[in-house]
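Read through the structure below, which is laid out as structure tokens, and then see the notes.
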Amino acid sequence: DYNDYNEVVPMIKNVNILTAYEETCPETSFADPATGACIPCPSNKIAANGASICSCREGWVTASNGEGCTPCAIGTFNVPLDDLKCTPCPYKSMTLRDASTSLTDCQCEKGFYGLPGGDCRQCPRNSMTLDIGALSSADCKCETGFHGLPGQDCEQCLHRTTTLGMGSTSPDDCKCSYGFYVIPGRD
């Protein structure tokens, strides 16, 4: 029927026009369902893939007052399309910045090692990592005053001796502490 054809064709044309508008709006705005015009999103919000509403950017959540968005704090992250909560990093891991967007942004804290976003293990006895984000026990170095191989338990220097810093691997690195000296012929 001719009338049925005229009713179907305009509806298809309207859908195509609206879809074209939605796809051409930048992610910082959304397409008005009635007019197809691009309407700007509020600060730190986006409209992904032609959505008809604005949501918080990844790493941001809806502010406690319900208006606007606030970044996830250091030590938390937010997954895409969940602007309700920030998820804490696993035990003994943290993010380096706020507004983190992935579990893999969580890195092990100083003194621990492991893959980003995974379980963090404590360094062997009397050892420490130099920074956050250590990946293996080999990144654990003996603390000042101790000696041993990376990734293994560290032994304390003899009485009244110490090392000059972290990472000593041999008892020969232990030197007299400040104010003490070696008497020749005595151990």
Side-chain angles (χ1 to χ4, degrees), residues 27-28 41 43-46 48-49 54-64 68-187:
E27 76 170 8
T28 55
C41 292
S43 179
N44 296 314
K45 287 196 172 197
I46 58 170
N49 299 327
C54 297
S55 299
C56 295
R57 293 181 178 279
E58 293 178 25
W60 295 70
V61 292
T62 303
S64 59
C69 300
T70 185
C72 288
I74 290 176
T76 66
F77 64 96
N78 171 264
V79 295
L81 304 176
D82 180 7
D83 58 352
L84 298 178
K85 68 178 170 53
C86 298
T87 303
C89 287
Y91 178 72
K92 292 298 180 180
S93 66
M94 61 181 288
T95 59
L96 298 177
R97 59 181 173 78
D98 60 3
S100 291
T101 60
S102 170
L103 173 63
T104 57
D105 290 339
C106 299
Q107 297 184 31
C108 292
E109 294 176 3
K110 206 171 177 181
F112 293 81
Y113 64 93
L115 296 176
D119 292 335
C120 294
R121 295 182 182 99
Q122 189 168 7
C123 284
R125 187 172 51 92
N126 301 316
S127 67
M128 178 68 76
T129 57
L130 298 177
D131 208 350
I132 70 167
L135 300 177
S136 76
S137 63
D139 295 321
C140 299
K141 311 292 182 203
C142 290
E143 296 177 9
T144 301
F146 295 85
H147 61 87
L149 298 176
Q152 297 181 10
D153 287 347
C154 299
E155 298 295 324
Q156 188 169 11
C157 290
L158 295 176
H159 183 64
R160 296 187 179 154
T161 64
T162 190
T163 59
L164 298 177
M166 283 185 68
S168 295
T169 58
S170 167
D172 294 338
D173 294 335
C174 297
K175 306 297 180 197
C176 288
S177 298
Y178 181 77
F180 294 89
Y181 61 94
V182 176
I183 300 174
R186 297 182 80 187
D187 289 338

Task: Validation row: Cys174, Thr162 side chains within 4.5 angstrom (heavy atoms) - done: no

Task: Spacing of Phe146 atom CZ and Met166 atom CE [to the nearest 0.5 Å] - done: 11.0 Å

Open item on the list: So for atom CZ, which belongs to Arg121, do other residues, nucleotides or ligands contribute more than 12 heavy atoms lying within a distance under 6.0 Å?
Closed with: no

Task: Charged N-O contact under 4.0 Å between Arg125 and Glu143 - done: no

Task: Check against side chain to side chain contact (heavy atoms under 4.5 Å, CB included), Thr76 and Ser100 - done: CA-CA 7 Å; Thr76 66; Ser100 291; over 6 Å; no

Task: Interatomic distance, Ser93 atom OG to Gln107 atom CD [nearest 0.5 angstrom] - done: 9.0 Å

- [ ] Write down the atom of Gly148, the atom of Cys142, and the distance for their closest heavy-atom approach.
- [x] N-SG, 3.2 Å

Task: Residue pair Ile132 / Leu96: nearest heavy atoms and the distance that separates them - done: CD1-CD2, 2.6 Å

Task: Intermediate values then yes/no, side chain to side chain contact (heavy atoms under 4.5 Å, CB included), Tyr113 and Asp139 - done: CA-CA 8 Å; Tyr113 64 93; Asp139 295 321; 5.5 Å; no

Task: OG1-CZ distance between Thr28 and Arg57, expressed to the nearest 0.5 angstrom - done: 7.0 Å

Task: Heavy-atom closest contact (Cys56 atom, Gly68 atom, distance) - done: SG-O, 4.3 Å

Task: Sole candidate of Thr101, Thr104, Leu103 that passes side chain to side chain contact (heavy atoms under 4.5 Å, CB included) when paired with Phe77 - done: Leu103

Open item on the list: Does Asp153 have more than 12 heavy atoms from other residues, nucleotides or ligands lying within 6.0 Å of its CG?
Closed with: yes

Open item on the list: For the backbone of Arg160 and the side chain of Ser177, can you confirm whether one donor and one acceptor N or O come within less than 3.5 Å of each other?
Closed with: yes

Open item on the list: Just verifying a value: how many Å separate Cys140 SG and Leu130 CG, rounded to the nearest 0.5 Å?
Closed with: 9.5 Å

Task: Over all atoms of both residues, closest heavy-atom pair of Ile74 and Arg97 - done: CG1-C, 3.5 Å

Open item on the list: Do Pro150 and Lys141 have side chains that approach each other closer than 4.5 Å (heavy atoms only, starting at C-beta)?
Closed with: yes

Open item on the list: Could you measure the distance from the NZ atom of Lys92 to the SG atom of Cys106? Nearest 0.5 Å is fine.
Closed with: 14.5 Å

Open item on the list: Could you tell me if the side chain of Thr70 sits less than 4.5 Å from the side chain of Ser64, heavy atoms only?
Closed with: no

- [ ] May I ask you to test the Cys54-Ile46 pair for a side-chain heavy-atom distance under 4.5 Å?
- [x] no

TODO: Answer yes or no: is there a donor N or O on one side and an acceptor on the other, between the side chain of Asp98 and the main chain of Cys72, under 3.5 Å?
DONE: no

Task: Electrostatic pair Glu27-Lys45, nearest N-O below 4.0 angstrom - done: no

Task: Main-chain N/O of Leu149 paired to Thr169 side chain as donor or acceptor, under 3.5 Å - done: no

Task: Check against side chain to side chain contact (heavy atoms under 4.5 Å, CB included), Cys157 and Thr163 - done: CA-CA 8 Å; Cys157 290; Thr163 59; 3.7 Å; yes

TODO: Determine yes or no for a side-chain-to-main-chain donor-acceptor pair under 3.5 angstrom, with Asn78 supplying the side chain and Gly59 the backbone.
DONE: yes

Open item on the list: Between Ser170 (side chain only) and Asp172 (backbone N and O only), is there a donor and an acceptor less than 3.5 Å apart?
Closed with: yes

Open item on the list: Can you give me the closest heavy-atom contact between Ala134 and Cys108, atom names plus distance?
Closed with: O-CB, 4.3 Å

Open item on the list: Please evaluate residues Asp105 and Met94 with respect to the criterion side chain to side chain contact (heavy atoms under 4.5 Å, CB included), reporting the C-alpha separation (whole Å), side-chain torsions for both, the decisive distance (0.1 Å), and the verdict.
Closed with: CA-CA 8 Å; Asp105 290 339; Met94 61 181 288; over 6 Å; no

Task: Flag, side chain of Thr129 to backbone of Asp131, donor-acceptor distance under 3.5 Å - done: yes

- [ ] First locate atom OG of Ser127, then atom CD of Gln122, and finally report the distance between them rounded to the nearest 0.5 Å.
- [x] 8.5 Å

- [ ] Please report the shortest heavy-atom distance between Cys120 and Tyr91, naming the atom on each side.
- [x] CB-O, 3.8 Å

